Student: 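Below: one structure in structure tokens.
This is a predicted model, so every value here is computed, not measured. Order of the sequence lines fixes the chain letters, A, B, ..., with proteins taken first and strands second; residue numbering starts at 1 for each chain.
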There are 2 protein chains.
Amino acid sequence: MTPAQQAMLADLSHRLDRAGIVTDPALIAPWERDWRGRWHGRSPALLAPASTGDVVAIVQAAARHRVSLVPQGGNSSMVAGATPPEDGSALILSLRRMNRIRALGEAMVVAEAGVVLQTLHTAALETERRFPLTLGARGSATIGGLVSTNAGGTQVLRFGTMRGLVLGVEAVLADGSVHDGLAALAKDNRGYSLDQLLIGAEGTLAVVTAAALKLVPAVAARAVAWAGVADPEAALALLRRFQRAGDGVESFEILPAETLAAALAHRPGARAPLAGAHRWHLLIEATAASAAAEPPAAFVERVLGPALADGLVEDATIAASEAQAEAFWALRDSLSDAERATGPAAQHDIAVPVDAMPRFMIEAAAACEARFPGTHASGFGHLGDGNIHFHVRAPAHVRDAADRDRWYAEEAPAISRFVHDLVTAAGGTISAEHGIGQMKRAELARLAPPGRLAALAAIKVALDPLGILNPGKLLAPVPPAQ
Amino acid sequence: MTPAQQAMLADLSHRLDRAGIVTDPALIAPWERDWRGRWHGRSPALLAPASTGDVVAIVQAAARHRVSLVPQGGNSSMVAGATPPEDGSALILSLRRMNRIRALGEAMVVAEAGVVLQTLHTAALETERRFPLTLGARGSATIGGLVSTNAGGTQVLRFGTMRGLVLGVEAVLADGSVHDGLAALAKDNRGYSLDQLLIGAEGTLAVVTAAALKLVPAVAARAVAWAGVADPEAALALLRRFQRAGDGVESFEILPAETLAAALAHRPGARAPLAGAHRWHLLIEATAASAAAEPPAAFVERVLGPALADGLVEDATIAASEAQAEAFWALRDSLSDAERATGPAAQHDIAVPVDAMPRFMIEAAAACEARFPGTHASGFGHLGDGNIHFHVRAPAHVRDAADRDRWYAEEAPAISRFVHDLVTAAGGTISAEHGIGQMKRAELARLAPPGRLAALAAIKVALDPLGILNPGKLLAPVPPAQ
């Protein structure tokens with residue numbers, strides 16, 4: 001621990017309770033690496049504030065002693081956005097103790113940064129409301145992290161990302177002042193929106209301590225369908241038919257046959273939703289919020305029927321029970337784990353304009369496999385958002401741990417640059433929903449227009465002139481002002 | 001004209017076409033004052049670019065010669081946000097020539113900054129789509145101005161402000177680089193959202209040149225109702241019943257009896273929608289986008305029926321024809337003009353949390369009238385957004401022009417400070433939809449938390465270090481870096 005860090009902790013020991021300062025290495029260790037175990041950092045202490053006032057004290061002390069902070073929620077970042085630097089220069093600022101739901105109303109919930117997404121789902125459901133954003137990591141991901149990464153997931157098609165669901169943010173700025181946007185006014189034009197600026201800022205501009213979030217009515221009925229189609233073009237055509245027929249579709253996920261096979265192999269006892277073989281598979285969910293609305297199953301049948309008749313869809317089934325619907329979703333939710341079990345792969349969270357995605361999926365996979373012989377490339381995910389997870393599997397000969405490490409170190413980066421070049425040429429993004437963190441920082445710097453990079457860096461320096469908030473994430477560390 | 005301005009125009013004369021540089025004072029004059037004629041500025045030249053490239057050249061020349069620019073669209077700002085400074089130091093940058101609709105699709109339209117809102121409405125309707133934002137100034141307000149002021153209007157209840165409808169922005173930053181967000185990816189997490197930062201920035205951070213905007217299906221059917229209620233509490237209770245019954249309500253406007261009387265007096269031949277007298281009136285519109293959905297009239301009846309039966313609503317009528325529906329809306333759209341015709345008034349575009357608004361309307365009016373004897377205070381507007389236009393009329397003895405000017409100069413500012421204090425104490429905003437501009441700058445500086453003001457100023461300096469973009473709007477002019 002540096003003398004500055006020691007002095008900072010001494011200051012804080014008068015302000016924080018016993019649980020607020022953790023220095024036992026065994027307790028800190030799990031939070032020093034990312035959840036995939038690929039990034040390792042070091043932090044001599046973990047700070048665990050119990051209130052916004054505590055966070056103010058911590059940020060003020062950090063500024064006074066020029067010690068940087070790494071805000072952390074559920075530590076489920078896919079881009080090492082919450083992993084501290086290796087040199088031990090930063091302290092982890094864990095928001096997990098701030099886990100109160102401060103207010104739960106009909107249209108809005110105010111949740112502290114440390115509330116776990118699944119906990120929020122449950123609390124909303126108990127009042128017949130719903131927070132309409134979900135993702136695989138819902139059991140650990142926290143509201144603060146979801147806000148700070150502008151999280152997406154599987155309901156974005158209908159409800160948007162966090163950016164559209166956050167009504168206001170409470171955050172501690174780098175100067176220790178509190179931005180309080182929790183009044184969540186429907187209309188408020190008092191200058192630049194700090195709320196929107198902090199959404200997706202990855203903790204580099206302020207520490208999000210709470211958020212006011214939009215609630216919608218609980219689901220009264222849902223229909224979950226599985227369909228087989230020939231190619232992504234057919235999938236998108238089907239989505240457009242659904243969208244013209246109504247607004248009930250909230251998930252529209254695509255996966256290729258081999259990804260389904262991997263998921264089935266990964267989940268013993270799981271059954272394929274359709275009897276026959278299909279090159280591409282779709283998981284479609286439609287919901288209705290009231291009994292007065294058209295039943296979702298009728299809506300889905302109204303679209304799937306003609307699509308089956310005219311051959312756009314090869315086969316389809318609607319889950320006959322909630323259990324079967326859950327089984328369909330369990331397959332979808334296991335894709336990341338199943339793909340990982342298949343062997344090493346370079347993974348890319350990318351988006352292009354929705355209409356361009358079907359062609360991109362086919363052409364980019366072919367280009368990758370041609371350029372890197374022995375690899376296998378394919379994408380799965382949120383077709384309706386133009387966002388897929390594009391995985392390029394290592395050749396079959398990459399097997400043991402040493403091979404694997406060498407492949408990740410030497411081959412995977414070149415593959416990722418290749419994929420990112422293709423995405424950029426297609427007008428897309430190298431980070432659709434995971435953010436930049438540490439993992440994609442160099443690629444952002446390589447591919448973003450210089451004017452954009454300059455603007456991002458200028459904003460960072462403007463709001464965090466000492467460079468104490470999550471340094472090295474998103475942007476290269478800025479030499480701190482003295 | 002200053003030597004720097006002359007040198008700048010000389011530079012630009014090689015780049016812009018003949019229509020691009022206007023120096024005839026008669027042609028400039030209409031754009032030097034705000035539309036209410038209350039603010040007057042001076043500009044030795046008006047620049048009218050025809051393309052984004054032209055705007056780049058203008059911004060680069062402005063930076064080179066340290067000449068500031070006042071971006072302007074339809075010049076319908078309510079807060080003198082597009083009026084040049086009085087000292088002639090700035091040139092008007094009119095975006096009105098950039099009025100192409102670049103692309104019109106099913107879910108998105110890309111419109112240049114100079115496209116007039118009504119023109120966009122018409123173009124969308126021709127393809128059976130709809131841009132779901134409207135306001136009184138739709139015949140002159142432009143897309144660039146609507147983006148830059150995060151405009152609201154009468155459909156925010158269902159569709160949100162511009163912030164929720166802008167899918168991406170094209171803008172020229174102060175360094176002359178172009179931010180191109182028009183790909184409008186549904187998910188894009190490559191750092192701070194410049195799109196969102198520029199929405200509502202009032203032209204102080206960049207010049208918006210185009211925007212990608214969300215389209216929704218055209219209205220298949222609508223029902224427009226007029227209802228009389230005892231007080232704003234009853235109005236809000238009715239709104240909540242509508243919201244529980246479905247999501248079809250898109251406008252929910254409130255006005256007191258005396259405001260309706262003023263509108264009726266202002267529009268010869270106009271008839272009161274209801275036969276009896278009611279203390280408060282509501283204009284409610286519900287729509288459906290498809291014939292398959294519940295007819296809006298049935299939906300409105302389903303809610304109004306019980307509300308009439310149990311006395312929440314005193315009387316109500318649903319427009320029997322499109323002509324009658326238009327007549328209801330014509331009354332609503334004439335309120336600003338009608339109120340102005342009634343005599344001098346201090347007007348306030350304010351919002352508080354929706355649930356707090358009914359009580360605020362009553363209590364703030366009483367407090368105002370008690371504090372400023374002879375005045376009459378009342379609010380009308382967007383109850384569903386928690387946003388009303390709160391007008392405090394001058395006492396009856398303020399009649400002739402000299403009285404009026406004195407009242408505006410001496411009395412009105414004190415009234416406005418009083419109202420803004422009440423709003424701030426209620427957790428609300430002194431600018432719900434009109435922005436800050438020049439008119440509310442001092443009030444923002446007086447009432448915003450110091451940390452927020454510091455953050456706004458830091459962002460301004462970060463993105464416009466020379467202070468050339470709309471100086472003196474929103475924030476006090478920053479001494480330019482040299």
Side-chain angles (χ1 to χ4, degrees), chain A residues 106 149-150 152 156 161 163-164 173 175 177-179 183-194 196-197 199-201 205 240 246 290 292 294 351-354 382 385-387 427-436 444 448-452 454-456 458-459 461-463 474-475, chain B residues 106 149-150 152 156 161 163-164 173 175 177-179 183-194 196-197 199-201 205 240 246 290 292 294 351-354 382 385-387 427-436 444 448-452 454-456 458-459 461-463 474-475:
Chain A
E106 206 162 343
T149 59
N150 181 27
V156 170
T161 65
R163 195 174 291 291
L173 305 182
D175 65 359
S177 63
V178 176
H179 164 69
L185 302 166
K187 291 176 174 173
D188 186 8
N189 281 339
R190 286 176 291 179
Y192 321 137
S193 171
L194 295 185
Q196 288 293 331
L197 189 57
I199 297 168
L205 300 180
R240 295 308 185 206
S290 85
E294 180 184 16
V352 300
V354 181
H382 322 296
D385 309 324
N387 167 212
T429 174
I430 64 167
S431 178
E433 53 182 8
H434 295 165
I436 299 297
L444 179 70
R452 172 168 177 80
L456 298 188
I459 293 168
V461 173
L463 293 188
L474 182 48
L475 298 164
Chain B
E106 205 161 344
T149 59
N150 183 27
V156 170
T161 64
R163 196 174 290 290
L173 305 182
D175 66 359
S177 64
V178 176
H179 164 68
L185 301 165
K187 291 176 175 173
D188 186 7
N189 282 340
R190 286 176 291 178
Y192 321 137
S193 172
L194 295 185
Q196 288 293 331
L197 189 57
I199 297 169
L205 300 180
R240 295 308 186 206
S290 83
E294 179 183 16
V352 300
V354 181
H382 322 296
D385 310 324
N387 167 212
T429 174
I430 63 166
S431 178
E433 52 181 9
H434 294 166
I436 299 298
L444 179 71
R452 172 168 177 80
L456 299 188
I459 293 168
V461 172
L463 294 188
L474 181 49
L475 297 165

Student: Going by the rule salt bridge (charged side-chain N to carboxylate O under 4.0 Å, His left out), which residues pair with A:Arg163 if we only count those two or more places apart in sequence or in a different chain?
Tutor: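 Salt bridge (charged side-chain N to carboxylate O under 4.0 Å, His left out) list for A:Arg163, sorted by chain: empty.
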
Student: So which part of A:Val352 gets closer than 4.5 Å to some heavy atom of chain B, the side chain, the backbone, both or neither?
Tutor: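 Only the backbone of A:Val352 comes within 4.5 Å of chain B.
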
Student: For residues B:Arg190 and A:Ile436, determine if any side-chain heavy atom of one lies less than 4.5 Å from a side-chain heavy atom of the other.
Tutor: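 In short, these two side chains touch, coming nearer than 4.5 Å.
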
Student: What residue, out of B:Asp175, B:Leu194, B:Asp188, has the most heavy-atom pairs lying under 4.5 Å from chain A?
Tutor: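 The answer is B:Asp188.
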
Student: Search all heavy atoms of B:Gly451 against all heavy atoms of A:Leu173 and return the closest pair with its distance.
Tutor: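 Minimum heavy-atom contact is O-CD1, 4.1 Å.
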
Student: How far does OH of A:Tyr192 sit from CZ of B:Arg452, to the nearest 0.5 angstrom?
Tutor: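 Answer rounded to 0.5 Å: 10.5 Å.
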
Student: Counting only heavy atoms closer than 4.5 Å, note whether B:Thr429 contacts chain A via side chain, backbone, both or neither.
Tutor: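 Both parts, backbone and side chain.
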
Student: Is B:Ile459 close to chain A through its backbone or its side chain, or both, or neither, when contacts mean heavy atoms under 4.5 Å?
Tutor: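 When you check distances to chain A, atoms from both the backbone and side chain of B:Ile459 fall under 4.5 Å.
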
Student: Against chain A, work out which of B:Val178, B:Leu197, B:Ile199 has the most heavy-atom pairs shorter than 4.5 Å and name it.
Tutor: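 Greatest number of close heavy-atom pairs with chain A: B:Leu197.
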
Student: Check whether A:Glu294 gets within reach of chain B through its side chain, its backbone, both or neither, counting any heavy atom under 4.5 Å.
Tutor: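 Contact with chain B: none, neither part.
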
Student: Just so I understand: if I count every heavy-atom pair under 4.5 Å between each of B:Ala454, B:Gly428, B:Ala184 and chain A, which residue has the most?
Tutor: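 When all of B:Ala454, B:Gly428, B:Ala184 are compared, B:Gly428 has the most.
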
Student: Highest number of heavy-atom pairs under 4.5 Å with chain B: which of A:Pro449, A:Ser193, A:Gly246, A:Gly152?
Tutor: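 Going by pairs under 4.5 Å, I would pick A:Ser193.
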
Student: Of the backbone (N, CA, C, O) and the side chain (C-beta and beyond), which part of B:Val354 lies under 4.5 Å from a heavy atom of chain A, both, or neither?
Tutor: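 It is neither, since no heavy atom gets under 4.5 Å.
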
Student: In terms of heavy-atom pairs under 4.5 Å, which option from A:Pro450, A:Ala183, A:Gly435 contacts chain B the most?
Tutor: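 Heavy-atom pairs under 4.5 Å are most numerous for A:Gly435.
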
Student: To the nearest 0.5 Å, tell me how far A:Leu463 CG sits from A:Leu205 CG.
Tutor: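 Spacing of CG (A:Leu463) from CG (A:Leu205) equals 5.5 Å.
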
Student: Which residues satisfy the side chain to side chain donor-acceptor pair (under 3.5 Å) test with B:Asp385, sequence neighbours excluded?
Tutor: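 Result, side chain to side chain donor-acceptor pair (under 3.5 Å) vs B:Asp385: A:Lys187.
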
Student: Select one option (side chain, backbone, both, neither) describing which atoms of A:Ile430 are under 4.5 Å from chain B's heavy atoms.
Tutor: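 Answer is both: backbone and side chain atoms of A:Ile430 are under 4.5 Å from chain B.
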
Student: Does B:Ala186 offer a backbone N or O that forms a donor-acceptor pair with the side chain of A:Asn387 under 3.5 Å?
Tutor: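 No, the answer is negative, given that no donor and acceptor are paired below the 3.5 Å cut-off.
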
Student: Taking side chain as everything from C-beta outward and backbone as N, CA, C, O, which of these in B:Pro353 sits under 4.5 Å from a heavy atom of chain A? Side chain, backbone, both or neither.
Tutor: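 For B:Pro353, the contact with chain A is made by backbone and side chain together.
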
Student: Checking B:Thr161 against chain A: side chain, backbone, both or neither under 4.5 Å from a heavy atom?
Tutor: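 The side chain, not the backbone.
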
Student: For B:Glu433, is it the side chain, the backbone, both, or neither that has a heavy atom closer than 4.5 Å to a heavy atom of chain A?
Tutor: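 Contact with chain A is through both the backbone and side chain of B:Glu433.
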
Student: Against chain A, label B:Leu456 side chain, backbone, both or neither, depending on which of its atoms sit under 4.5 Å from a heavy atom there.
Tutor: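 Both backbone and side chain.
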
Student: Just give me the residue among A:Ser290, A:Gly191, A:Gly200, A:Ser177 that pairs up with chain B most often, heavy atom to heavy atom, under 4.5 Å.
Tutor: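 Among the listed options, the one with the most contacts to chain B is A:Gly191.
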
Student: Heavy-atom pairs under 4.5 Å with chain B are the metric here; pick the option from A:Ser431, A:Ala458, A:Ala462 that has the most.
Tutor: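 Between A:Ser431, A:Ala458, A:Ala462, the count favours A:Ser431.
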
